[in-house]
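Ligands are counted one by one from 1 in listed order, and the atoms in each one are counted from 1 as well. Side chains included, hydrogens not; waters and symmetry mates left out as well; all remaining heavy atoms used.
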Amino acid sequence: MKILVTGGLGFIGSHTVVELIRAGHEPVIFDNLYNSKIETLDKIKKITGSDVKFYKADLLDPDSMETVFKENKFDAVIHFAGLKAVGESVQLPLRYYENNISGTINLCKLMEKYGCKNIIFSSSATVYGAPKSVPIREDFPLSTTNPYGTTKLFLERILTDLTVPDKDLKVILLRYFNPIGADESGLIGEEPNGIPNNLMPYIMQVARGILPELGVFGNDYDTPDGTGVRDYIHVTDLALGHVAALKRVNTGGGVDIYNLGTGTGYSVLDIVKAFEKANGVKVPYAIKPRRAGDIAMCYADPTKAKEELGWEAKKDLETMCKDSWRYAQSLTK
Ligand code: WQD
């Protein structure tokens with residue numbers, strides 16, 4: 001299938017492009033390069049041997065997007081493009097609502113104009129807010145505590161509403177848990193701009209000697225060791241979840257929702273210890289106060305994706321840590 005991958009040079013987008021090619025699909029990328037690098041295109045070619053058509057386009061520039069649709073007939077869109085920093089969204093809500101929501105509306109209008117009837121949307125476990133229990137199932141209540149999460153919740157709702165008048169439109173909502181790791185080639189991975197917000201990129205900068213120590217945000221949660229528990233999933237497993245989701249494309253209209261997680265929760269200290277053991281490096285840390293908005297425990301019940309998509313995460317924590325480190329070592333200090 002010919003697939004438009006918006007944000008296809010980003011962390012999850014680039015890994016998904018690689019797996020789409022490996023599965024025999026023809027991805028086309030558009031990206032505004034705000035939080036990604038054009039060099040990633042060459043790295044995708046090195047990994048797969050394939051040249052991927054790339055367009056520099058922006059969700060908030062409909063003309064730039066329309067060129068992509070004029071020049072290609074897509075079977076489906078996998079929509080990653082969007083702003084995704086929780087903390088930043090609290091400071092810049094208007095920017096997040098305009099970019100993520102208005103931008104996606106622009107995309108959907110072009111899909112309608114050019115007759116593309118399938119969209120796989122990059123949603124997030126953040127739409128579950130503070131879950132009443134774990135593991136989390138897709139039918140759990142939804143609530144959000146920050147503008148970033150609210151854009152995901154609103155977009156799930158908007159995309160769902162589009163399927164009422166258009167009975168042929170298939171919307172697949174994939175709720176990601178905590179993606180870490182990197183392609184086994186070590187050529188692509190997560191390289192956030194500035195000081196990392198997320199745990200694994202921060203650990204990698206400490207291990208590389210760029211940052212002095214990891215601040216562990218609280219050790220007084222109601223968890224086995226007091227530190228926050230999350231469902232860390234290898235980004236390649238996450239990418240393969242998108243390939244599996246294509247099975248639901250052209251199966252009639254409506255909304256399918258899937259958690260993409262491993263079903264296993266690890267604490268912050270579990271991750272530190274696993275990273276040190278897997279890579280033979282030290283990660284100094286200090287306990288700090290809790291981070292506003294954090295929750296104690298969040299991990300998936302991934303049964304539905306296994307039953308309906310035939311997908312489950314296969315890579316273990318040691319592999320996630322080794323693959324992350326291999327990529328981190330390839331970066332210049
Ligand atoms: C994980 C754990 C922290 C950094 C966020 C978004 C979510 C999704 C994934 C986009 C928590 C602890 C972290 C640090 C720490 N993003 N931590 N020190 O918050 O679970 O999820 O990223 O979809 O929407 O909310 O991920 O990696 O920031 O934190 O102790 O320097 O690590 O308290 O327990 P999070 P995270």
Side-chain angles (χ1 to χ4, degrees), residues 7 10-13 16 35 79-90 96 100 121-131 134 136 142-156 173-181 190 192 194-207 210-235 238 241 259-262 264-275 283-300 317 320-321 324:
F11 174 43
I12 303 171
T16 301
N35 191 24
H79 180 33
F80 293 106
L83 298 172
K84 64 165 191 170
V86 170
E88 185 184 56
S89 79
V90 174
Y96 271 68
N100 291 3
F121 175 59
S122 162
S123 191
S124 167
T126 204
V127 300
Y128 294 115
V134 284
I136 300 170
L142 304 180
S143 72
T144 53
T145 58
N146 59 75
Y148 159 77
T150 303
T151 68
K152 292 297 185 183
L153 188 55
F154 281 6
L155 288 170
E156 288 198 358
L173 306 174
L174 300 182
R175 292 172 179 165
Y176 309 156
F177 282 71
N178 289 59
I180 62 171
E190 188 171 20
I195 304 274
N197 295 304
N198 295 137
L199 179 64
M200 185 55 90
Y202 202 106
I203 286 176
M204 291 199 285
Q205 293 208 9
V206 172
I210 296 171
L211 293 168
E213 66 176 14
L214 169 71
V216 175
F217 296 147
N219 66 345
D220 57 351
Y221 286 101
D222 183 13
T223 64
D225 65 14
T227 65
V229 171
R230 297 292 185 275
D231 186 329
Y232 297 93
I233 177 171
H234 196 293
V235 63
L238 193 63
N259 287 336
L260 294 189
T262 66
T264 301
Y266 289 107
S267 76
V268 177
L269 295 182
D270 289 335
I271 298 295
V272 169
K273 290 179 190 121
F275 191 89
V283 178
Y285 68 85
I287 303 298
K288 301 286 184 188
R290 291 183 177 193
R291 178 173 66 177
D294 272 355
I295 58 176
M297 295 184 91
C298 176
Y299 58 89
L317 184 58
M320 293 183 221
C321 292
S324 291

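- Of the protein's heavy atoms, Val268 CG2, 3.7 Å lies nearest to atom 12 (C) of ligand 1.
- At the top of the distance list for atom 22 (O) of ligand 1, counting protein heavy atoms only, stands Asn198 ND2, 3.1 Å.
- Listed by number with element, the atoms of ligand 1 under 4.0 Å from a non-hydrogen atom of Ser124 are 23 (O), 24 (O).
- Near Tyr148, the atoms of ligand 1 lying under 4.0 angstrom from a non-hydrogen atom of the residue are 10 (C), 23 (O), 24 (O).
- Looking at Arg291, Met297, Arg230 and measuring to atom 19 (O) of ligand 1, the nearest heavy atom belongs to Arg291.
- With respect to atom 27 (O) of ligand 1, the closest heavy atom belonging to the protein is Leu199 N, 2.8 Å.
- Residue-level proximity to ligand 1 for Tyr232 is carried by the side chain, the only part with a heavy atom below 4.0 angstrom.
- How far CZ of Phe11 is from CD of Glu190: 4.5 Å, rounded to the nearest 0.5 Å.
- In this pair, Phe121 and His79 present their aromatic rings tilted. The plane angle is within the 30 to 60° band.
- Atoms of ligand 1 found under 4.0 Å from any heavy atom of Val216 (numbered from 1 in listed order, with element): 30 (O).
- The structure places OH of Tyr176 at 8.5 Å from OG of Ser123, a figure rounded to the nearest 0.5 Å.
- For atom 15 (C) of ligand 1, the nearest protein heavy atom (residue, atom name, distance) is Phe217 CD1, 3.4 Å.
- To the nearest 0.5 Å, the span separating CG on Leu211 from CD on Glu213 amounts to 10.0 Å.
- In terms of N/O distances under 3.5 Å, ligand 1 is not approached by Met200.
- Close contacts of ligand 1 with Val86, meaning ligand atoms under 4.0 Å from a residue heavy atom, involve 6 (C), 25 (O).
- How far CG of Leu174 is from CG of Leu260: 5.0 Å, rounded to the nearest 0.5 Å.
- One N or O on the side chain of Asp231 and one on the backbone of Ala300 form a donor-acceptor pair closer than 3.5 Å.
- The CD1 atom of Ile271 lies 11.0 Å from the CG atom of Leu214; values are rounded to the nearest 0.5 Å.
- Taken from CZ in Phe177 to OG1 in Thr262, the straight-line distance is 9.0 Å, to the nearest 0.5 Å.
- Closest to atom 9 (C) of ligand 1 among all protein heavy atoms lies Asn178 ND2, 4.0 Å.
- Of the heavy atoms in Thr126, only side-chain atoms (C-beta onward) come closer than 4.0 Å to ligand 1.
- For the residues Ala296, Gly293, Gly215, the heavy atom positioned nearest atom 18 (N) of ligand 1 is part of Gly215.
- With a 6.0 Å cutoff to the six-membered ring centre and a 45° limit on the axis angle, Arg230 does not count as a cation-pi contact of Tyr266.
- Every atom of ligand 1 with a heavy atom of Asn197 under 4.0 Å away is listed here by number and element: 4 (C), 28 (O).
- Those atoms of ligand 1 that come under 4.0 Å of a heavy atom in Asp294, given as number and element, are 3 (C), 33 (O).
- Within the 3.5 Å criterion, the main-chain N or O of Tyr148 finds a donor-acceptor partner in the side chain of Ser89.
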